[in-house]
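Protein chains get the first letters and strands the later ones, always in sequence-line order, with residue 1 at the start of each. All of these numbers come straight from a predicted model, not from anything done at the bench.
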4 protein chains.
Amino acid sequence: MVITEPRARRAVKGHRSEQRVESLLAVAREVFSERGYARTTTLEIAQRLSISEATVFSYFGSKRELCMEVIRRWYDEISTELEREVPLRSNVRHALEFAIRKHLSQLIEEGAGLCALVLSEGRIADAAFMQLIAQLKRRYIAPLMRTIESARATGEVRSDIPLHLQRDMIYGSMEHVLWGYINSGRKPDIQSTAAQLSDLLWTAFAPPQRSLDALMRFRTEVVGAVKVLESESQAVH
Amino acid sequence: MVITEPRARRAVKGHRSEQRVESLLAVAREVFSERGYARTTTLEIAQRLSISEATVFSYFGSKRELCMEVIRRWYDEISTELEREVPLRSNVRHALEFAIRKHLSQLIEEGAGLCALVLSEGRIADAAFMQLIAQLKRRYIAPLMRTIESARATGEVRSDIPLHLQRDMIYGSMEHVLWGYINSGRKPDIQSTAAQLSDLLWTAFAPPQRSLDALMRFRTEVVGAVKVLESESQAVH
Amino acid sequence: MVITEPRARRAVKGHRSEQRVESLLAVAREVFSERGYARTTTLEIAQRLSISEATVFSYFGSKRELCMEVIRRWYDEISTELEREVPLRSNVRHALEFAIRKHLSQLIEEGAGLCALVLSEGRIADAAFMQLIAQLKRRYIAPLMRTIESARATGEVRSDIPLHLQRDMIYGSMEHVLWGYINSGRKPDIQSTAAQLSDLLWTAFAPPQRSLDALMRFRTEVVGAVKVLESESQAVH
Amino acid sequence: MVITEPRARRAVKGHRSEQRVESLLAVAREVFSERGYARTTTLEIAQRLSISEATVFSYFGSKRELCMEVIRRWYDEISTELEREVPLRSNVRHALEFAIRKHLSQLIEEGAGLCALVLSEGRIADAAFMQLIAQLKRRYIAPLMRTIESARATGEVRSDIPLHLQRDMIYGSMEHVLWGYINSGRKPDIQSTAAQLSDLLWTAFAPPQRSLDALMRFRTEVVGAVKVLESESQAVH
DNA sequence: TATGAATGAGGGTTCATTCAT
DNA sequence: CATGAATGAACCCTCATTCAT
């Protein structure tokens, strides 16, 4: 079902002025962050730039288009960075911690507003918007997921549960942490939260065999020791 | 002549007809679910019931009040059940799985809409609304959190990380699963998802000592066996 | 998604066109006069100007604000004039007559409507409104009251009754004259009414001593004359 | 021009129950007093009596009709009393003071609310209403006016100014005193206010001749005395 | 007779969007 | 280009009044 806003005609994005576009997006991000989509008015955006509402519409066909662009930008920035950085981590665990820390810090530093915008404003409107968000999210998530996927292949991470559940645990946990921040206003400590969270997740993702291996090794040693003991005790005689 | 706006008078919830109240709440739940708060209009709610908007307002003082009631009802229902059922689980692990299954099934069965409503509509609005939501959530979460807390006390669950992080992992993971459903429209399998999720979380929450304990027990046994062996070997003499 | 009413944003009086402002105020004055506050609709004001209601609200944040401005203007105009003119009168009596004539003519010329608006619309509404009216009235009344006050000090006006009673007599009498006009529709003759009213009030305000003094003076003269007569009649002899 | 409220059909005042009618009027007076016409809702009136709105309408065809009745009752009560009492006063001056005291105390004792209702609610609506009010007022004012009229005939009160101006001074002054009370909430002292007011008015109404008369009498006497003196002095010759 | 319930007919207000200049 | 100005289309909410029971 497509829910469309009424009277959404396309404006002829005739004008250009990179500066204008940039400052518009910057201010729009600010306002959308502070107020959320519905409470944001094009008037306020215009006023903060000391330009007219009309000008806003000559750059972006509609309020929604502007908001979409704001969100897209944010995802683009962070996705680019993740694509570059995540693969550099020497192992899954580091990649996981890095991604978590990045995610948390990015959103927390931006403030609860953008955070909320990104986290839940994705249901504002029509299918097109939601599809865009979904797509942005996929790209954003991809680097870490690829890393995890290969770790599943090597057995470093358990693969007897769906990958998407692991994804949900990772991003869900983070987002809940962020919601806590949004609602309470208390900034969580990024470093320790990232460390603890990745630690917990890592534990959860460990293949059952991993702990078993430890046991096995112990057993082997013990058995070895027993063997030694036996031989020694025999030697006593 | 008097010069005042009439707006002041609060709708005195004049009429009462349990049936009406129920059907209103039901339809409101529907519409809020489909459209979200902002895009829902009181007119649409009225029309779906083939009644006038005025009637809606004679039952609920405002759109927000109606929405609050919808959400409150949902929370009340599930909270009551959790308060009754969670304590009956024989151990933390079962409680965890139960709560997860309940949460998932409740929201998935209701459909993505209410799900989204409950998950993210509780934001930004006025303080009153947010406070209500926060309060409902606290009650909702309490039974499981109490269980986990005592498990932390007994050492059954690791307590070297903040409780709220565990909370965030539990509810964050679930909610992310639900968002996936909301966005994709594909219903996840509740049973297996709940099982896997609780398993993973359980693993994550295991105190570092737990695996160690297993080893300890093994060692103890081994050592015991060794002792027996020794004594026997001595007895041989 | 965000869950808030848009209503919050105060109309930012975006547009300005002195012409519009003036014509709006003029028409608003008309309509408020004809209908009174409560029965006036913003729609009617808009329609008389062949503009949209929205435009009205882009100039004045609310119906009340518009009405307040209408009333304020009226008071400002007349207060300014009174402040300039009243002190020029050579004595209290002239000041009194001038103020009365001004008040009557101003309101009668404007028509019964504005008259009623100004006389009684300033009530009950919210505190803000009433405070504004009270303040406007104070300024409006001040010039004459100051004059009277100093006349009380010099004994030209009796000061053995509260000043506010004199104020009530002055303004009450006038307003009742105006109410008569409002209700009957018959315009009173301003000149003679003002003359008669100020005459009556002046008589009422005369210190008790004044008439006595006159008598005393007369007696003195008479006695003097009698003395003269006596001496003359004596001289005859 | 007749301004009518929409949908004003006549209800079939079928029911009767003097008690009901009385209690309805009593409560309506209360509520109209407290809130003014516009802010009063039929619901509130009904609720205070623990009856349904519908019942209200079965006794009074409309809100306005009810309000009219409330006002009419008040005028009737006080008019009847004035008609009985005023003529008993031994002279104009006493009649004046009595009427003023009555008016002030009646309205002040009832509270600012009814006061405001009676004083200015007379512009609420259609011509019919206003006519009723005018008529009620005429009857209310009549006794005192009759007294004054005959005093004008006997020369006890100056008749060189229109009677209605005297009426305006009397009632205008009182009403302004009452407005002061309404706006400030400070109850004026009825006794002293009535005394001072009637004193001032009496002074104002004194025929120019009255003080002059005194002088005249004095002059006459003096002149008489002079004459006597003259004749005597002549007799001397 | 009394009323529970419903509602028609607005009312004020908001804001994204358009367009002539 | 930029914008000042205007507005259409809704939206939430109110309340006197009606009517079947």
Side-chain angles (χ1 to χ4, degrees), chain A residues 5-9 11 14-17 20 38-46 51-59 61-64 66, chain B residues 5-12 14-17 20 38-44 46 51-64 66, chain C residues 5-12 14-17 20 38-44 46 51-64 66, chain D residues 5-9 11 14-17 20 38-46 51-59 61-64 66:
Chain A
E5 250 168 30
R7 287 169 296 124
R9 247 199 275 160
H15 324 295
R16 264 337 45 198
S17 155
R20 263 288 139 88
R39 284 174 67 91
T40 291
T41 68
T42 50
L43 178 61
E44 176 158 13
I45 292 172
I51 61 175
S52 76
E53 272 184 283
T55 303
V56 174
F57 280 90
S58 89
Y59 280 86
S62 70
K63 181 186 173 187
R64 184 136 70 234
L66 176 54
Chain B
E5 245 74 306
R7 202 60 56 91
R9 195 231 256 198
R10 191 91 301 243
V12 195
H15 321 306
R16 238 81 259 288
S17 152
R20 260 290 134 85
R39 294 180 60 86
T40 290
T41 71
T42 49
L43 180 61
E44 176 159 12
I51 61 175
S52 75
E53 263 187 289
T55 301
V56 175
F57 281 95
S58 98
Y59 279 85
F60 296 90
S62 69
K63 180 187 173 187
R64 185 131 69 228
L66 177 52
Chain C
E5 246 76 309
R7 202 62 55 93
R9 197 233 255 196
R10 190 92 302 241
V12 195
H15 321 306
R16 237 83 256 289
S17 151
R20 259 290 134 85
R39 292 180 62 86
T40 291
T41 70
T42 50
L43 180 62
E44 175 159 13
I51 61 175
S52 74
E53 264 187 288
T55 301
V56 175
F57 281 94
S58 97
Y59 280 85
F60 296 90
S62 69
K63 181 188 173 186
R64 185 131 69 226
L66 177 53
Chain D
E5 251 167 32
R7 286 169 295 127
R9 248 196 276 160
H15 325 295
R16 278 303 80 178
S17 157
R20 262 290 139 86
R39 283 173 67 93
T40 291
T41 67
T42 50
L43 177 62
E44 175 156 14
I45 292 172
I51 62 174
S52 75
E53 271 184 283
T55 302
V56 175
F57 281 89
S58 89
Y59 280 86
S62 69
K63 180 187 173 187
R64 184 136 68 233
L66 176 53

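Atoms CD (A/E53) and P (F/dA6) sit 14 Å apart, rounded to a whole Å. In this structure, the CG atom of B/L66 is 15 Å from the C1' atom of F/dC11, given to the nearest Å. Atom C1' of nucleotide E/dG4 and atom CG of D/L43 are separated by 12 Å, given to the nearest angstrom. Counting to the nearest Å, the P atom of E/dC15 and the CZ atom of A/R64 are 17 Å from each other. Counting to the nearest Å, the P atom of F/dC11 and the CZ atom of B/R39 are 10 Å from each other.
Look at A/T55 and you'll find a side-chain N or O under 4.0 angstrom from OP1 or OP2 of F/dT3. Checking the phosphate oxygens (OP1, OP2) of E/dA2, a side-chain nitrogen or oxygen of D/Y59 falls inside 4.0 Å.
Remark: C/I51 CD1 to C/R20 CZ distance equals 5.0 Å, nearest 0.5 Å. In this structure, C/E53 CD and C/S58 OG are separated by 12.5 Å, a value rounded to the nearest 0.5 Å.
Side-chain proximity of B/I51 to E/dT13, E/dT7, E/dG4: nearest is E/dT7. When each of F/dC12, E/dG8, E/dG12 is scored by its nearest atom to the side-chain atoms of B/K63, the top-ranked nucleotide is F/dC12. Checked against F/dC13, E/dG8, E/dA16, the side chain of B/S52 finds its nearest nucleotide in E/dG8. Of all nucleotides listed (E/dT13, E/dT3, E/dT7), E/dT3 comes nearest to the side chain of D/R20. Closest to the side chain of D/F57, out of E/dC15, E/dT13, F/dA16, is F/dA16.
In this structure, the side chains of A/L66 and A/I45 come closer than 4.5 Å at one or more pairs of heavy atoms.
Nearest-nucleotide assignment on DNA chain E puts the 5′-proximal partner with B/V56, out of A/T40 and B/V56. Remark on DNA chain E: of its neighbouring residues C/T42 and A/A54, the 5'-side contact belongs to C/T42, judged by nearest-heavy-atom nucleotide.
Looking at residues two or more places apart in sequence or on another chain, you find no side-chain hydrogen bond (donor to acceptor under 3.5 Å, both in side chains) involving C/T41.
Distance alone, capped at 3.5 Å, places no donor-acceptor pair between the A/K63 side chain and the A/F57 backbone.
Stems are defined here as 3 or more consecutive Watson-Crick or G-U wobble pairs with pairing distances under 3.5 Å; those involving DNA chain F are E:2-21 with F:2-21.
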